[in-house]
Number of protein chains: 2
Amino acid sequence: MRPDKEVTIYDIARTLNVSPATVSRGLKDHPAISTKTKRRILEKAKELGYRSNNFASNLRKQKTQTIGILLHELHSHFIVSVLAGIEKVTTEAGYDILIAHSSESGQKEVANAQNLFHKRVDGIIASLAFDTPDLSHFLQFSEKNIPIVFFDRVEEDSLGTKVIIDNYKAGYQATQHLLDQGCKRVIHITGNQSRNVYKQRAKGFKDALLDNNQEYNPANLKITDLDRVESEKVANEILNMQPRPDGVFCAGDFSAAVCMRVFKSAGLRIPEDIAIVGFNNDVICTLIEPQLTTINYPGVEMGEIAARILINHLNGNADITLTNSIIIKSDLIVRESSLRKPIE
Amino acid sequence: MRPDKEVTIYDIARTLNVSPATVSRGLKDHPAISTKTKRRILEKAKELGYRSNNFASNLRKQKTQTIGILLHELHSHFIVSVLAGIEKVTTEAGYDILIAHSSESGQKEVANAQNLFHKRVDGIIASLAFDTPDLSHFLQFSEKNIPIVFFDRVEEDSLGTKVIIDNYKAGYQATQHLLDQGCKRVIHITGNQSRNVYKQRAKGFKDALLDNNQEYNPANLKITDLDRVESEKVANEILNMQPRPDGVFCAGDFSAAVCMRVFKSAGLRIPEDIAIVGFNNDVICTLIEPQLTTINYPGVEMGEIAARILINHLNGNADITLTNSIIIKSDLIVRESSLRKPIE
DNA sequence: CTTCAAATTGCAACCGATTGCATAAATTTT
DNA sequence: AAAATTTATGCAATCGGTTGCAATTTGAAG
């Protein structure tokens with residue numbers, strides 16, 4: 001046997017004088033194989049340095065044991081946490097994952113979906129890109145009965161299971177907190193309103209204002225890309241508003257941090273002149289000054305739940321089509337950037 | 001034909017009255033197939049919704065068209081940039097990537113290497129974990145002639161190609177900069193000295209001091225995990241040193257940011273009382289205050305180069321064993337945290 | 001010592017694409 | 001028009017593991 005040649009079950013079968021079928025069964029602990037034979041097979045496999053060939057196996061089984069992950073971004077603490085949760089569960093269950101990220105481009109998301117489809121993943125876990133216009137690229141999966149779990153960024157009335165936080169509540173809570181701190185003129189900086197996360201937070205913002213008998217003015221909603229350039233622009237707009245807002249609820253920590261810099265360079269004191277609340281509890285929250293009040297989002301847990309649901313479905317232990325939405329709890333973390341009054 | 005059944009080249013062959021071999025060749029643009037036949041095959045493939053079966057193909061070709069990526073961490077702007085560079089090149093070349101990260105655990109790295117080995121990746125791109133003790137888990141790849149490219153965190157005298165920056169020079173440069181700014185007592189906070197990146201930076205630090213006729217005291221080298229807790233601890237140590245250091249070169253931006261917080265809460269002014277230089281040019285550099293001077297590290301480029309080398313080798317266009325190290329340029333970005341004198 | 005059931009193991013046909021070699025068809029040359 | 005090329009296509013084996021069913025062995029019961 002050439003040393004660079006791969007060992008197969010046929011090699012093991014030959015040296016042990018059994019059939020390849022027996023070896024195959026023995027390696028996967030099939031109940032019909034006697035304990036003694038199993039042991040012999042396992043030992044010989046180890047001795048010869050056998051490694052099973054996934055392709056042959058997948059080809060025959062018509063299963064890939066692979067789950068496709070569609071992400072909108074990797075430069076995000078939250079997303080990486082979700083990924084860690086997904087990995088934990090999938091690894092335990094013996095699934096591989098194929099990660100594809102779109103860098104927030106809907107177009108790339110479509111291409112990635114296409115690619116995962118051709119790779120024949122057994123299931124999909126997805127969070128939509130910033131500007132994904134519709135879900136038609138997911139239809140091909142549904143048609144082949146390939147299950148999909150969406151998380152975080154979802155389409156509200158789509159098919160498939162969704163794992164999300166209550167963005168409405170979080171938005172309401174953040175706004176209420178600013179009002180409780182004595183803010184009179186609160187602004188909300190947010191993203192694309194066709195994305196559920198931003199739409200719901202904005203709705204929570206609006207309702208919190210109305211419930212507190214504050215005027216709701218559409219001009220108080222600043223819709224941006226939440227990137228550096230746009231955030232700086234909006235921050236400057238806010239600086240020039242008359243009267244100047246005294247509270248900002250920003251739908252992303254990064255954007256909030258950029259705004260804080262702008263406000264500070266303009267000489268404003270945070271939170272005295274203007275209080276700030278972010279969203280996501282990213283690492284930067286505690287590195288900037290003052291530390292940023294934010295909504296904490298349990299990433300790892302979200303990933304674990306999404307993966308668990310999908311795998312249960314794939315293993316036939318649960319039917320995904322019966323579940324619609326799973327809401328994970330989130331909470332407000334109060335830090336210096338918004339704390340004008342001492343906590344009672 | 002059942003609707004949920006996959007279309008194969010046999011189906012296409014049958015409807016067109018040609019052989020499967022012709023279809024196979026036609027689909028991959030084999031020169032022996034006539035243009036007309038190719039067109040017919042392509043059209044029919046599209047019409048029937050054919051998608052090629054990678055497993056069958058890989059099984060036959062004994063190639064996976066997959067590259068394994070071993071990373072020490074994903075919570076890092078730098079690493080994600082490298083990943084983006086790798087992805088760009090591998091996608092163009094028609095390779096898949098399998099990403100495994102060890103969360104800085106050498107033990108997990110070994111398990112990941114094992115896993116990628118069993119998945120039969122065609123090649124490996126790796127950056128070592130914080131505490132990887134040796135490279136024995138890479139031997140199995142060498143034995144099967146599976147090429148490996150290391151980047152950033154490498155073992156200095158290992159086999160295989162390395163793509164790195166000149167950490168010595170960067171360390172020297174950072175230290176020289178602090179000295180140029182008038183610092184008299186400079187401290188270096190760094191990580192595990194068996195990792196090349198930290199060792200070389202520390203060496204550059206030392207030589208810069210000596211070349212400037214400054215005393216080099218091993219106590220000026222603070223070796224830590226560079227995580228939050230350790231960084232805070234070291235920062236407090238530094239605060240209590242007599243005489244107190246007036247310059248800190250920290251081998252990571254995150255750790256530098258944590259130190260800055262500690263120093264600022266203690267009432268020190270940055271850079272007047274203590275100047276700080278980080279490493280990596282992470283996003284936080286420009287969000288904290290004062291903005292952090294750092295060493296910029298071209299992540300995307302590094303990933304592109306590592307991937308390109310590997311793929312050229314796999315395609316037989318270059319021999320990886322002839323290349324040893326590729327040094328990518330890095331540079332010092334001066335910001336407020338260290339700038340005591342105006343730039344001339 | 002049979003007879004029958006249970007426990008093991010083997011046979012052989014898949015899964016779908018690839019490719020060396022042979023053959024057939026089209027084109028050119030003599 | 002026959003022979004020699006060139007161009008296209010087909011045949012059939014191969015990659016390695018899986019699994020329904022048949023066959024054999026073992027053990028227990030009568």
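No hydrogens, no waters, no symmetry mates; every other heavy atom, side chains included, goes into these values.
- Remark: A/Ser24 is in phosphate contact with D/dT18, judged by side-chain N or O atoms under 4.0 Å from OP1 or OP2.
- Distance CG (A/Leu16) to C1' (C/dT8): 15 Å, rounded to an integer number of Å.
- Contact between the side-chain N/O atoms of A/Thr22 and the OP1/OP2 oxygens of C/dG10 is found at a separation under 4.0 Å.
- Atom NZ in B/Lys61 sits about 21 Å away from atom P in C/dC15, given to the nearest Å.
- Side-chain atoms of A/Thr90 come within 3.5 Å of backbone N or O of A/Glu87 as a donor-acceptor pair.
- For the pair A/Tyr10 OH and D/dT18 C1', the interatomic distance rounds to 9 Å; values are reported in whole Å.
- Applying the 4.0 Å criterion to OP1 and OP2 of D/dT9, one finds that B/Ser34 has a side-chain N or O inside that range.
- Heavy-atom distances to DNA chain D give each of A/Ala21 and B/Pro31 a nearest nucleotide, and the one nearer the 5′ end belongs to B/Pro31.
- Taking the ring centre of A/Phe117 as origin, the terminal cationic atom of B/Arg51 falls inside the region bounded by 6.0 Å and 45° from the ring axis.
- Residues A/Arg60 and B/Phe55 are not in side-chain contact: their nearest non-hydrogen atoms beyond the backbone lie 4.5 Å or more apart.
- Within the structure, a side-chain polar atom (N or O) of B/Ser57 is placed less than 4.0 Å from OP1 or OP2 of C/dT18.
- The separation between A/Asn58 atom CG and C/dG16 atom P is 13 Å, rounded to whole Å.
- Closest contact between the side chain of A/Arg60 and the listed nucleotides C/dG16, D/dT19, C/dT9 involves D/dT19.
- Between the side chains of B/Asn112 and B/Ser102, no donor-acceptor pair of N or O atoms lies under 3.5 Å.
- Among the protein residues, A/Phe55 comes within range of no part of the nucleic acid, since none of its heavy atoms lies under 4.0 Å from any strand.
- If you find the closest nucleotide of DNA chain C to A/Thr37 and to B/Tyr50, the one lying nearer the 5' end belongs to A/Thr37.
- Of the listed nucleotides (D/dC11, C/dG16, C/dT18), D/dC11 has the atom at the smallest distance from the side chain of B/Ser19.
- Residue contacts for B/Thr8: at a heavy-atom cut-off of 4.0 Å it reaches the sugar-phosphate backbone alone, with no base atom in range.
- Under the 4.5 Å side-chain criterion, counting only non-hydrogen atoms from C-beta, B/Ile326 is not in contact with B/Lys162.
- Look at B/Gln62 and you'll find a side-chain N or O under 4.0 angstrom from OP1 or OP2 of D/dG16.
- Using a 4.0 Å heavy-atom cutoff across all strands shown, B/Val18 reaches sugar-phosphate atoms only and no base atom.
- Atom P of nucleotide C/dT18 and atom NE2 of B/His30 are separated by 11 Å, given to the nearest angstrom.
- Listed candidates were C/dT8, D/dG17, D/dA13. Nearest to the side chain of A/Ala32 is C/dT8.
- Between the side chain of B/Arg25 and the base of C/dG20 there is at least one donor-acceptor pair of N/O atoms closer than 3.5 Å.
- One atom, CD1 of B/Ile41, and another, C1' of D/dT9, lie 10 Å apart when rounded to the nearest Å.
- For B/Arg40 and D/dA8, the CZ to C1' distance is 13 Å, given to the nearest whole Å.
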For this session: Apply side chain to side chain donor-acceptor pair (under 3.5 Å) to A/Lys119 and A/Asn115, showing your working.
Result: CA-CA 6 Å; A/Lys119 293 278 148 48; A/Asn115 185 32; 2.8 Å; yes
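- The CG-C1' distance, from B/Leu59 to C/dT19, rounds to 14 Å in whole Å.
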